[in-house]
J.: 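Can you read through this structure? Questions will come right after.
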Amino acid sequence: MNNLKVGVRVARQVRNAEHAVDQAMIEVCRLVQTALEGRVEAQLAAEVGQSALANMVRGLSQLAEVRGAVIASHGELAQV
C-alpha cells in the first residue's frame, strides 16, 4: 500500500511539472507576441529588439526540450 501512495504522489507531481512547463511556454509565447506587437505599434525598425527576441525564442526552444524530458520521464516512471 505504501508503494501505491508513493506512486500516486509521484504521478501527481509529474503531471504538475508537465503543466508548469506548458504554462511557462505559454507565458514566453505571450512575451514574444507582446514584444512584437509593441515594436509594430511603436513603429520601430525590425532590427530593434532582435537580440532580445532571439533570446526569447531560444528560451522557448529550451523549454520545449525540458517538456520532452519531463514527458520521457513520465513514460519511464509509468514502467516502474
Side-chain angles (χ1 to χ4, degrees):
M1 191 60 145
N2 191 27
N3 289 348
L4 180 60
K5 288 181 182 180
V6 170
V8 168
R9 225 173 65 223
V10 170
R12 185 175 299 128
Q13 190 56 46
V14 167
R15 190 187 73 226
N16 289 344
E18 289 170 345
H19 288 259
V21 175
D22 283 347
Q23 190 60 45
M25 291 180 76
I26 289 167
E27 294 303 326
V28 172
C29 287
R30 287 179 179 153
L31 174 59
V32 169
Q33 180 178 353
T34 301
L36 290 170
E37 289 172 346
R39 188 196 57 77
V40 170
E41 288 172 20
Q43 298 179 354
L44 298 172
E47 64 268 7
V48 173
Q50 178 58 31
S51 177
L53 178 65
N55 283 326
M56 289 178 222
V57 172
R58 189 171 17 264
L60 184 60
S61 176
Q62 291 169 345
L63 282 170
E65 288 184 37
V66 169
R67 187 177 191 278
V70 172
I71 289 169
S73 71
H74 189 156
E76 293 165 351
L77 288 170
Q79 294 175 8
V80 173

J.: Using every non-hydrogen atom in the two residues, find where Val21 and Leu63 come nearest and quote the distance to one decimal.
T.: CG1-O, 3.7 Å

J.: For the residue pair Met56 and Ala35, what are the closest heavy atoms and their distance?
T.: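 Answer, listing the atom of Met56 first, then Ala35: CE-CB, 4.0 Å.
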
J.: Could you see if Val14 belongs to whatever hydrophobic cluster contains Ile71? Use Ile, Leu, Val, Met, Phe, Trp, Tyr and a side-chain cutoff under 4.5 Å.
T.: no

J.: Working to the nearest 0.5 angstrom, can you tell me the gap between Glu41 CD and Leu36 CG?
T.: 11.0 Å

J.: Closest approach of Leu60 and Cys29, non-hydrogen atoms and distance?
T.: CD2-SG, 3.8 Å

J.: If I compare all heavy atoms of Arg39 with all of Val48, which pair ends up nearest, and what's the gap?
T.: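 Answer, listing the atom of Arg39 first, then Val48: CD-O, 3.6 Å.
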
J.: Rounded to the nearest 0.5 Å, how far apart are OG of Ser61 and CD of Glu65?
T.: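 Result: 5.0 Å between the selected atoms.
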
J.: How many angstroms lie between atom CG of Asn55 and atom CD of Gln62, to the nearest 0.5 angstrom?
T.: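 Spacing of CG (Asn55) from CD (Gln62) equals 9.0 Å.
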
J.: Measure the CZ-CZ distance between Arg15 and Arg12 for me, rounded to the nearest 0.5 Å.
T.: 7.0 Å

J.: Rounded to the nearest 0.5 Å, what separation is found between the CD atom of Glu27 and the CG atom of Leu31?
T.: 9.0 Å

